[in-house]
Amino acid sequence: MLTESKKKEQRLLLFLAIAQGAYFILGIVFMLGIDPVIDLFQQLKESIFVSVIFLITGIGLIYLSFALPKLTKNKSGNIYTRIFQKIGNTLSVKVVVTIAFLAFLIEVTQAIPYWAMLGLVTYHQLPPLIWLPTVAIYNILMVLPSLVLLFLYKTNPIKTELKLVGFRNRLMKSNATLWAIGGAGGIFLHLGLNGIIPH
């Protein structure tokens, strides 16, 4: 977002606000004991339909991680560069909102440290004047690296963007992107199988 999007800072802040805001609201819901909402997330996690979607997505990503080098071998230009440029040039508010919600929905069922923190706060039966700032501070810590990066970009945008572009280019030239795609596919595959296969 800081290397391609035309409205870099606004897009990144919007993404962080939506994704982390959803975490914060979920934390408040969990602490207040609003069972229907919590049950909804549990049902989504255990839904066969959602598990099948995860399974198909996982298989697709794993296949893509192996197939991309062959599919792009005889084509001019780098496929990753074209993808980044396409995403960056069309990074509208709608796209950012969609990505933020998808990131939240994918991560939330596996956010073990966050659930552990909520569990500890619940176990000790802390009053709202303590658990509410605790949840807020934890959410701020979760996005602190991104905020530090944004601060560096604000203080020295040219130098920071050059470093980010250089890092992105090295990432695209290496196999790290393929490993990341394959790793994400493995996670989806695990989630899908875990939901389909009875325990």
Side-chain angles (χ1 to χ4, degrees), residues 1-2 5 7-55 57-58 87 91-155 157 160 164 180 183-184 186-199:
M1 291 184 187
L2 287 178
S5 178
K7 298 181 179 179
K8 308 173 192 300
E9 301 162 35
Q10 296 92 325
R11 295 295 187 262
L12 179 58
L13 287 174
L14 177 62
F15 173 84
L16 294 176
I18 293 173
Q20 214 56 43
Y23 269 107
F24 182 65
I25 293 172
L26 179 63
I28 294 176
V29 168
F30 182 88
M31 293 304 301
L32 292 177
I34 304 177
D35 295 332
V37 179
I38 297 174
D39 290 341
L40 175 62
F41 278 97
Q42 187 65 27
Q43 290 171 9
L44 285 175
K45 185 178 179 181
E46 298 175 354
S47 169
I48 295 295
F49 175 76
V50 174
S51 298
V52 170
I53 296 297
F54 281 163
L55 182 65
T57 303
I87 293 176
L91 203 58
S92 63
V93 172
K94 185 184 295 185
V95 173
V96 174
V97 171
T98 303
I99 294 174
F101 275 115
L102 285 176
F104 168 73
L105 291 174
I106 291 170
E107 294 174 0
V108 68
T109 58
Q110 305 300 311
I112 297 175
Y114 190 66
W115 291 112
M117 182 274 297
L118 294 176
L120 286 173
V121 173
T122 304
Y123 175 78
H124 290 288
Q125 297 181 343
L126 300 178
L129 287 178
I130 296 181
W131 67 252
L132 187 59
T134 301
V135 174
I137 291 171
Y138 193 93
N139 276 269
I140 292 173
L141 290 176
M142 289 174 71
V143 297
L144 188 59
S146 297
L147 295 177
V148 171
L149 182 62
L150 183 60
F151 173 76
L152 293 174
Y153 181 82
K154 288 283 290 184
T155 54
T160 303
L164 289 173
I187 293 174
F188 277 108
L189 183 64
H190 170 74
L191 292 174
L193 291 175
N194 196 44
I196 294 173
I197 299 175
H199 300 284

Next on the checklist: Between Phe101 and Val97, is the side-chain contact (heavy atoms from CB on, under 4.5 Å) condition met? List the steps.
Outcome noted: CA-CA 6 Å; Phe101 275 115; Val97 171; 3.6 Å; yes
Next on the checklist: Walk me through whether Trp115 and Leu26 qualify under side-chain contact (heavy atoms from CB on, under 4.5 Å).
Outcome noted: CA-CA 10 Å; Trp115 291 112; Leu26 179 63; 3.8 Å; yes
Item to check | Least distance between heavy atoms, Ile130 atom then Leu126 atom | outcome: CG2-CD1, 3.9 Å
Item to check | Straight-line distance of Ile53 CD1 to Thr57 OG1, nearest 0.5 Å | outcome: 6.0 Å
Checklist entry - Would Ile99 and Ile18 count as a side-chain contact (heavy atoms from CB on, under 4.5 Å) if you check the C-alpha gap in whole Å, the side-chain angles of each, and the deciding distance to 0.1 Å? => result CA-CA 10 Å; Ile99 294 174; Ile18 293 173; over 6 Å; no
Checklist outcome for this item: For Gln20 and Asn139, the nearest pair of non-hydrogen atoms, with its separation, is NE2-OD1, 3.1 Å
Item to check | Nearest heavy atoms of Trp131 and Leu32, plus distance in Å | outcome: CZ2-CD2, 4.1 Å
Checklist outcome for this item: Heavy-atom closest pair (Val135 atom, Gly27 atom, distance to 0.1 Å) is CG1-CA, 4.4 Å
Checklist entry - Roughly how far apart are Met142 CE and Leu16 CG, rounded to 0.5 Å? => result 11.0 Å
Checklist outcome for this item: Heavy-atom nearest pair, Leu118 first then Met31, reads O-SD, 4.1 Å
Checklist entry - Rounded to the nearest 0.5 Å, how far apart are CD1 of Ile137 and CG of Leu132? => result 10.0 Å
Checklist outcome for this item: In terms of heavy-atom contacts, Pro133 and Pro128 come closest through CD-O, 3.8 Å
Next on the checklist: For Tyr114 and Tyr138, take the angle between the two ring planes, folded into 0 to 90°, and tell me which bin it lands in: parallel under 30, tilted 30 to 60, perpendicular over 60.
Outcome noted: tilted
Checklist entry - Hey, what do you get for OG1 (Thr134) to NE2 (His124), rounding to the nearest 0.5 Å? => result 11.0 Å
